[in-house]
Each structure stands twice: as structure tokens, then as C-alpha cells.
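Following: one structure in C-alpha cells, then a few remarks.
All values below come from the heavy atoms of this structure, side chains included, with hydrogens, waters and symmetry mates left out. One-based numbering along the sequence shown.
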Amino acid sequence: MYHQDVGSGDPLVLIMGFGGDHMAWALQMADFSMRHRVIAFDNRGVGQTDAPDHAYTTRMMAGDALGLMNALGIDRAHVLGVSMGGMIAQELALESPERVRSLHLACTLGRPDAYMLALNSAWREMRIGLGRESTLRALGLWLFSPTTYAERPELIEALLQNALANPYPQSLAGFLRQGEAVAAHDALARHHGDNTDMLFDTWTDVWLRPAFRAWNIEEFVEDIRCPTLVSVAEDDILVPPRFSREIVARIHGAELRLVAAAGHGYFLERPDVFNELSLDFIARSSRKD
């Protein structure tokens, strides 16, 4: 599992979202590593980590992150996940709560709704039909805010060119399998020994999962007890603030921070704000530890 390990201090594990590798943290690494030992890695299906062509789940990917922590000798860490990375971070905090000192869930969701599932399916077809470069250009419309397009189009183009120049581009299999993991994510309900992660392996089956599980659930995300920050940009149209409010309503003591004039990629659009609120939360959480 490819990773970078920089800085010193209390460990901070960064978990990137759908399609992004460790380089997507470029605007965070300098600030974060001044105060922390920062671990940034490539999830399965992207970058320099393997992209096996079989079903992924966010719980499986949380296991990858935990395995990396074990290999690096990290007993406990502050955990920050964005988008799909926030879904993985939820699973990590739920499966191994003793390993998570604080949890920052950024621009993420506890469970996709019907609209999100339809959008996810459309992205799948777009990636297959358009190819990588055209898909990346189209995805920017969901990732960045109208303000950024109007005031800093050069930033969007620079980010696009950096993505296209990546020597380890995401494979089609990695894109599709990570998309399946997002569609199947559900941290709002615990399921008692139903083995559905093994039963539902295909994209079509993901759509049937909620009906199969409806009879056998109890609340799940409420089990998170570590200090939790949920942040989202006001202009995020990919994972709108309603998903963040849903998570905050379910996690005891969770904080909500809204960032103005930015979209889903607000850690790239407004890194100064994102970095400051992230480090401030970690510092406050450490004092309570």
C-alpha cells in the first residue's frame, strides 16, 4: 500500500476520496506536517496501490488503513477523511474506536440517497463512454464552485493538468470498483450478521441492498464517541450539506462547520480555511484527550 510518512508529532492519518491519490493532499501536507506526523496513502484502486478487479467496500478499505497503521506502529491517530475518504473514516472509527483519537469527516455522507445513487451510476457510464480526460473535465463541474470557475479558472485548469500528468492514472477497474464502494456505503445502520458485503458483489446488486437489509437494522453511526468534526462547503452540489447535517444529528457532540464560496473540493479551493479549521479541531481534541 503506497504511502507517505512526513513530519513529527501526534499521528494524523489522511484518507482521500474517490479517484484521488496521496498527491491530492498537496495543499495540506506542509501545514499539517509542521505539527503532526502525517500519513497520506493511496487507497486500493488508485495511484500506486493495487487496483484488484473485484468488489470493494468502504469497510474493506478501512481495513486497509488500519493495516497500514499497524505496519507503521501507530496505535492511535487523528483521522481526517474527505468524501469517500470520510466514508472510510467512519468505518475505521466504528470498527476500531480505540485507534481513533479524533475524527474529521469532510464533504461526506453516511449513506447515499436515491439521487446520489443515480449520479454515481451516471458517472460510471460517463467514465466508460467518454474516457479519462473528458470525464475529468466533466467531473470538475461537480467538484468546484461557481465562484471558483468565475474567479479562478486557472486553478481549475492547473488541477486538471496535474491530474492528467499523474504518472499513475486511475484505471477503469479502479474507478468502477471505488464507485461501487461509495454506492454500497451505509454507516447509518448496523446489520446483524447478514453477510451482505459478500452477497452483493455487482453494481446492480448494490441497488437491491437497501431492500434486503431493511428488516434487520439498528442505528449505527451513533456508536462513534470520539471528538468529531463534520465540515462541508456551502456550494457543494456533489455531497450537499444535508448529508453533513444528517451525520451531525446522529453523532453525540459532533460539530458542524460550513465553508463559504467553495464546492466539494473546498480543501483545494480554500486550503487556508480548510487547514486552519482542521488543525484547530485537532488541537482542541488533543486537549480533551
Same apolar cluster (I L V M F W Y, side chains within < 4.5 Å links), F41/M60 = no

Any salt bridge between E246 and R242, counting N to O under 4.0 Å?
-> no

Between L68 and V46, is there a shared hydrophobic cluster once you connect ILVMFWY residues whose side-chain heavy atoms come closer than 4.5 Å?
-> no

Tell me yes or no: between the side chains of S231 and Y266, is some donor less than 3.5 Å from an acceptor?
-> yes

Look at the side chain of R270 and the backbone N and O of G265, then say whether any donor-acceptor pair between them is shorter than 3.5 Å.
-> no

Without swapping roles, check the side chain of R101 against the backbone of E98 for a donor-acceptor pair under 3.5 Å.
-> no

Side chain of R152, backbone of E269: donor and acceptor closer than 3.5 Å?
-> yes

Could you give the distance from CG (L172) to CZ (R177), rounded to the nearest 0.5 Å?
-> 10.5 Å

Can you list the residues that meet the ring-ring contact (aromatic ring centres under 6.0 Å, His included) rule with Y149, with sequence neighbours excluded?
-> none

Ion pair E276/R257, N-O distance below 4.0 Å | no

Would L80 end up clustered with L66 when hydrophobic side chains under 4.5 Å apart are linked, directly or stepwise?
-> yes

Does S121 use its side chain to pair, donor to acceptor, with the backbone of L117 at less than 3.5 Å?
-> no

Would you check if the side chain of Q4 reaches a backbone N or O of I39 as a donor-acceptor pair within less than 3.5 Å?
-> no

Residues A24 and L268: closest non-hydrogen pair is O-CD2, 3.7 Å

Go through the steps for Y2 and Y168 under the test ring pair (Phe, Tyr, Trp, His ring centres under 6.0 Å), then give the verdict.
-> CA-CA 12 Å; Y2 184 83; Y168 303 97; 7.7 Å; no

Return yes if some donor-acceptor pair links the side-chain N/O of D50 with the main-chain N/O of G45 below 3.5 Å, else return no.
-> no

Do L155 and V82 belong together in a cluster built from hydrophobic side chains that touch within less than 4.5 Å?
-> yes

Nearest heavy-atom contact between G174 and A51 is CA-CB, 4.4 Å

To the nearest 0.5 Å, what is the distance between CD (E91) and CE (M61)?
-> 11.5 Å

Distance in Å, R225 CZ paired with L103 CG, rounded so as to fall on 0.5 Å steps | 13.0 Å

In short, V248 meets E255 closest at the heavy-atom pair CG2-O, 3.9 Å

Is any side-chain heavy atom of R124 less than 4.5 Å from a side-chain heavy atom of L176?
-> yes

For T135, enumerate each residue passing the side chain to side chain contact (heavy atoms under 4.5 Å, CB included) test, keeping only those at least two apart in sequence or located in another chain.
-> M126, R127, L130, L139

State, yes or no, whether a side-chain contact exists between F144 and L159 at a heavy-atom distance under 4.5 Å.
-> yes

N/O donor-acceptor pair under 3.5 Å between E95 side chain and R59 backbone | no

Got a second to check how far L14's CG is from W25's CH2, nearest 0.5 Å?
-> 5.0 Å

Tell me yes or no: between the side chains of Q48 and H22, is some donor less than 3.5 Å from an acceptor?
-> no

Please tell me if the side chains of L238 and L119 come closer than 4.5 Å, counting only heavy atoms from C-beta onward.
-> yes

Give, for atom CG of N275 and atom CD of Q28, the distance between the pair rounded to the nearest 0.5 Å.
-> 4.5 Å

Heavy atoms, side chains only, cut-off 4.5 Å: are I224 and C226 in contact?
-> yes

Answer yes or no: is there an ion pair linking D10 with R76, defined by an N-O contact shorter than 4.0 Å?
-> no

Evaluate the side-chain contact (heavy atoms from CB on, under 4.5 Å) criterion for residues H36 and S8: first the C-alpha distance (whole Å), next the side-chain angles of each, then the deciding distance (0.1 Å), finally the verdict.
-> CA-CA 5 Å; H36 296 279; S8 61; over 6 Å; no

Under the side-chain contact (heavy atoms from CB on, under 4.5 Å) rule, what do V221 and R111 come out as? Steps first, then yes or no, please.
-> CA-CA 10 Å; V221 79; R111 175 172 57 207; over 6 Å; no

Can you tell me if N120 uses its side chain to pair, donor with acceptor, with the backbone of G179 under 3.5 Å?
-> yes

Contact summary for F281 and P227, nearest pair of heavy atoms | CZ-O, 3.4 Å

Under the 3.5 angstrom rule, does the side chain of T108 hit a backbone N or O of S83 as a donor-acceptor pair?
-> yes

Sequence neighbours left out, what pairs pass salt bridge (Lys or Arg N to Asp or Glu O under 4.0 Å) with at least one residue falling in residues 34-49?
-> D5-R37, R44-D64

Any side-chain heavy atom of P169 sitting closer than 4.5 Å to one from R132?
-> yes

Cluster companions of L164 among Ile, Leu, Val, Met, Phe, Trp, Tyr (side-chain spacing under 4.5 Å) = L136, L160

Looking only at side chains, do N70 and R99 share a donor and an acceptor under 3.5 Å apart?
-> yes

Any side-chain heavy atom of M16 sitting closer than 4.5 Å to one from D21?
-> no

Please round to the nearest 0.5 Å and tell me the distance separating atom CG of L105 and atom CD1 of I251.
-> 5.5 Å

Anything under 30° is parallel, anything over 60° is perpendicular, the rest tilted; go ahead and classify F175 against F18.
-> tilted

Tell me the ring pair (Phe, Tyr, Trp, His ring centres under 6.0 Å) pairs involving residues 238-264, sequence neighbours left out?
-> none

Within the side chain of S33, is there an N or O that forms a donor-acceptor pair under 3.5 Å with the backbone of D31?
-> no

For G110 against I247, the heavy-atom pair lying closest together = N-CD1, 3.7 Å

In terms of heavy-atom contacts, V232 and S244 come closest through CB-OG, 3.4 Å

Shared ILVMFWY cluster between M34 and M29, side chains joined below 4.5 angstrom?
-> no

How far apart are the C-alpha atoms of I282 and L229, what are their side-chain angles, what is the distance that settles it, and do they pass the side-chain contact (heavy atoms from CB on, under 4.5 Å) test?
-> CA-CA 9 Å; I282 293 171; L229 171 66; over 6 Å; no

Taking side chain as C-beta onward, heavy atoms only, is H185 less than 4.5 Å from Q90?
-> yes

Do F267 and L27 have side-chain heavy atoms sitting under 4.5 Å apart?
-> no

Sorted by chain and number, sequence neighbours left out, ring-ring contact (aromatic ring centres under 6.0 Å, His included) with H104 holds for F274

